[in-house]
Amino acid sequence: MNIYIKIEIKVRELESRLLLALCAAERGHDVILGPHELTLSLLEKKILKPGILLEKSITPADSRIKQLKNYKKIGSIVTSIDEEGGFIDNDFTGFMNQRYGEETVRLTDAIFTWGNHDYNLLKKKFIKYKKKLVNTGNPRVDFWRSEFNRYFNLDRKKTIKKNKKYFLITSNFGSMLHEQRIWQDVILNRENKYFDRGFDEYWNYDFQAYQLRLTSKFIFALRYISRKFSNYNIIIRPHPTESVEAWKAVIGNYKNIFVIKEGSIGKWVRNSELVIHNSCTSGIESFAANIPTIVYRPLKSNFERKYPNYFGIQAFNHEDLENKIRTIINKKKYKIDLNKKK
């Protein structure tokens with residue numbers, strides 16, 4: 001059987017989908033990884049034979065519905081796992097309404113889920129299609145397991161001093177750091193009919209304003225710790241949708257701060273002294289990989305994502321952040337009480 005695995009964002013998905021491809025190849029399947037534009041075009045021209053397609057989402061936009069119909073028309077089996085996941089959001093129902101629809105679920109032969117959370121809610125919403133749901137987990141999470149530690153040997157970039165230890169900042173702020181401007185995101189949301197399916201447009205504007213304020217707090221804190229810990233490098237890892245140029249512009253010229261998007265996030269996490277984040281999936285990954293993790297929460301807001309912010313030492317201002325960093329690098333151990341209400 002031919003299997004076609006779509007990759008949208010290379011640094012986010014290549015490793016996990018390559019792992020999936022290797023497992024399929026071991027079982028005798030022919031696997032092709034690539035962008036959907038190329039794969040679908042080759043299928044439509046009958047250069048490639050029909051097979052199983054793995055989509056990264058089934059958002060019920062007109063363009064995606066057309067793609068799924070084309071897949072079915074040429075005799076392929078359509079499967080999907082949503083790479084955004086939605087499990088870090090405070091309300092999965094909103095995410096579910098944006099990313100899944102009756103028509104796209106009907107056109108998909110199997111939908112894979114990250115875990116019980118999305119599986120149970122999707123099963124409840126699309127009860128007629130519940131047999132299509134398969135609770136597999138995402139192979140991205142497989143890389144969080146300890147047996148992959150040997151794989152994550154980081155080739156340090158030329159911009160970083162050799163053998164110098166570093167703190168990793170994983171960004172998930174968007175707003176002014178996004179590759180697209182806010183108004184362009186609004187257009188995309190409208191084209192995908194997010195607002196028609198319950199995504200509150202005005203809530204989105206408030207959220208963007210919150211992200212801007214949070215970015216300001218992080219910029220101040222990063223400049224502060226770069227001075228306090230000048231013998232360490234600080235690596236800012238932008239979210240895949242964020243701009244390296246935007247980050248460099250707002251952070252300014254600091255000799256020990258680097259903005260790097262190359263390579264998988266797992267390699268940067270495993271080789272760091274500690275990870276600092278707010279509301280980021282990578283914070284869960286670093287905690288799972290037993291890397292000291294600090295959740296920097298300089299703003300109290302309902303916009304904070306509670307689940308990823310649960311796993312890590314809590315710091316609430318830049319002095320507090322400095323003290324938590326010193327605790328980690330001096331004592332080389334730390335304790336998190338997961339039973340304590342945050």
Side-chain angles (χ1 to χ4, degrees), residues 11 88 157 159-161 164-185 204-263 265 268-269 272-283 285-286 291-305 308-309 312-329:
V11 295
I88 68 170
K157 307 298 177 183
T159 52
I160 304 174
K161 293 180 180 178
K164 194 171 183 180
K165 296 177 179 179
Y166 65 88
F167 308 147
L168 179 67
I169 316 307
T170 61
S171 173
N172 189 24
F173 302 142
S175 192
M176 69 174 177
L177 299 168
H178 205 290
E179 290 279 6
Q180 295 188 126
R181 298 187 180 185
I182 293 175
W183 62 266
Q184 292 173 310
D185 281 335
N204 182 50
Y205 298 145
D206 288 338
F207 178 61
Q208 298 283 354
Y210 161 75
Q211 286 189 311
L212 184 60
R213 293 175 59 220
L214 184 62
T215 302
S216 172
K217 296 289 186 179
F218 260 81
I219 291 169
F220 182 88
L222 293 180
R223 291 172 177 172
Y224 177 81
I225 64 174
S226 76
R227 295 190 297 268
K228 295 294 182 178
F229 301 95
S230 57
N231 56 329
Y232 287 84
N233 281 326
I234 297 171
I235 308 300
I236 299 172
R237 172 66 178 215
H239 186 272
T241 61
E242 293 175 359
S243 165
V244 171
E245 289 71 24
W247 258 114
K248 288 181 177 179
V250 299
I251 201 65
N253 186 21
Y254 286 77
K255 292 182 178 180
N256 63 332
I257 300 181
F258 303 88
V259 183
I260 301 178
K261 212 171 189 178
E262 292 82 8
I265 185 63
W268 291 103
V269 167
S272 65
E273 294 299 297
L274 56 88
V275 171
I276 303 170
H277 80 101
N278 184 299
S279 301
C280 189
T281 305
S282 299
E285 177 176 354
S286 60
I291 301 298
T293 304
I294 300 176
V295 183
Y296 185 49
R297 301 172 59 197
L299 297 175
K300 291 184 178 181
S301 172
N302 291 330
F303 290 119
E304 285 187 294
R305 290 185 168 102
N309 283 359
I313 300 173
Q314 308 291 298
F316 299 95
N317 56 59
H318 59 278
E319 292 96 345
D320 189 19
L321 179 61
E322 177 191 357
N323 291 334
K324 297 297 170 54
I325 292 173
R326 293 196 185 280
T327 298
I328 291 170
I329 64 176

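Here the structure is a predicted model, which means the values were calculated and not measured.
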Taking the side chain as everything from C-beta on, heavy atoms only, tell me whether I325 gets closer than 4.5 Å to K228.
no
N172 versus R305, closest heavy-atom pair with distance
ND2-NH1, 3.3 Å
With side chain to side chain contact (heavy atoms under 4.5 Å, CB included) as the test, would you mind laying out the steps for L214 and F303 before giving the verdict?
CA-CA 10 Å; L214 184 62; F303 290 119; over 6 Å; no
Between atom CH2 of W247 and atom CD1 of I219, what is the distance when rounded to the nearest 0.5 Å?
5.5 Å
Is any side-chain heavy atom of I265 less than 4.5 Å from a side-chain heavy atom of T281?
no
Exam field: side chain E242 to backbone H178, donor-acceptor pair closer than 3.5 Å
no
Any chance you could lay out the side chain to side chain contact (heavy atoms under 4.5 Å, CB included) test for V295 and H277, step after step, and finish with the verdict?
CA-CA 5 Å; V295 183; H277 80 101; 3.6 Å; yes
For atom CG of N231, is the number of surrounding heavy atoms from other residues, nucleotides or ligands below 6.0 Å larger than 12?
yes
Would you check, one step at a time, whether the test side chain to side chain contact (heavy atoms under 4.5 Å, CB included) holds for F218 with N278?
CA-CA 10 Å; F218 260 81; N278 184 299; 3.9 Å; yes
How long is the straight-line distance from CG of N256 back to NZ of K164, given to the nearest 0.5 Å?
5.5 Å
Between E179 and S243, which heavy-atom pair has the shortest distance, and what is it?
OE2-CA, 3.5 Å
Can you list every pair that meets side chain to side chain donor-acceptor pair (under 3.5 Å) and has a residue in residues 210-221, with sequence neighbours left out?
none
Please work out whether the ring planes of F229 and F167 are parallel, tilted or perpendicular, with thresholds of 30° and 60°.
perpendicular
Do D185 and N204 pass the side chain to side chain contact (heavy atoms under 4.5 Å, CB included) test, and can you show the C-alpha distance, the side-chain angles, and the key distance before you say yes or no?
CA-CA 10 Å; D185 281 335; N204 182 50; 5.9 Å; no
Measuring from atom CD1 of I313 to atom CD1 of I276, what distance do you get when rounded to the nearest 0.5 angstrom?
10.5 Å
Euclidean distance, S301 OG relative to F207 CZ, rounded to 0.5 Å
9.0 Å
Closest approach of P292 to I328 (non-hydrogen atoms, all atoms of both residues):
CB-CG2, 3.7 Å
Answer yes or no: is there an ion pair linking R237 with E285, defined by an N-O contact shorter than 4.0 Å?
no
Could you state the interatomic distance from OH (Y254) to CD1 (I236), rounded to the nearest 0.5 Å?
11.0 Å
Is there a donor-acceptor pair closer than 3.5 Å between any side-chain N or O of T293 and the backbone N or O of I291?
yes
Whether S279 side chain and E304 backbone form a donor-acceptor pair below 3.5 Å
no
Could you pull out all donor-acceptor pairs under 3.5 Å where a side-chain atom in residues 317-324 meets a protein atom, sequence neighbours excluded?
residue	atom	partner	partner atom	Å
N317	OD1	E319	N	3.1
N317	OD1	D320	N	2.7
D320	OD1	K324	NZ	3.1
D320	OD2	F316	N	2.9
E322	OE1	Y224	OH	2.5
E322	OE2	R326	NE	3.2
E322	OE2	R326	NH2	3.1
N323	ND2	E319	O	3.4
K324	NZ	Q314	O	2.6

CD1/I234 to OH/Y232 distance, rounded to the nearest 0.5 angstrom?
11.5 Å
Under the salt bridge (charged side-chain N to carboxylate O under 4.0 Å, His left out) test, which residues partner E245, sequence neighbours left out?
none
Measure from the side-chain N and O atoms of R223 to the backbone N and O of I251, and report whether any donor-acceptor pair falls under 3.5 Å.
yes
Might you point out which heavy atoms bring S171 and C280 nearest each other, and give the distance in Å?
O-SG, 4.3 Å
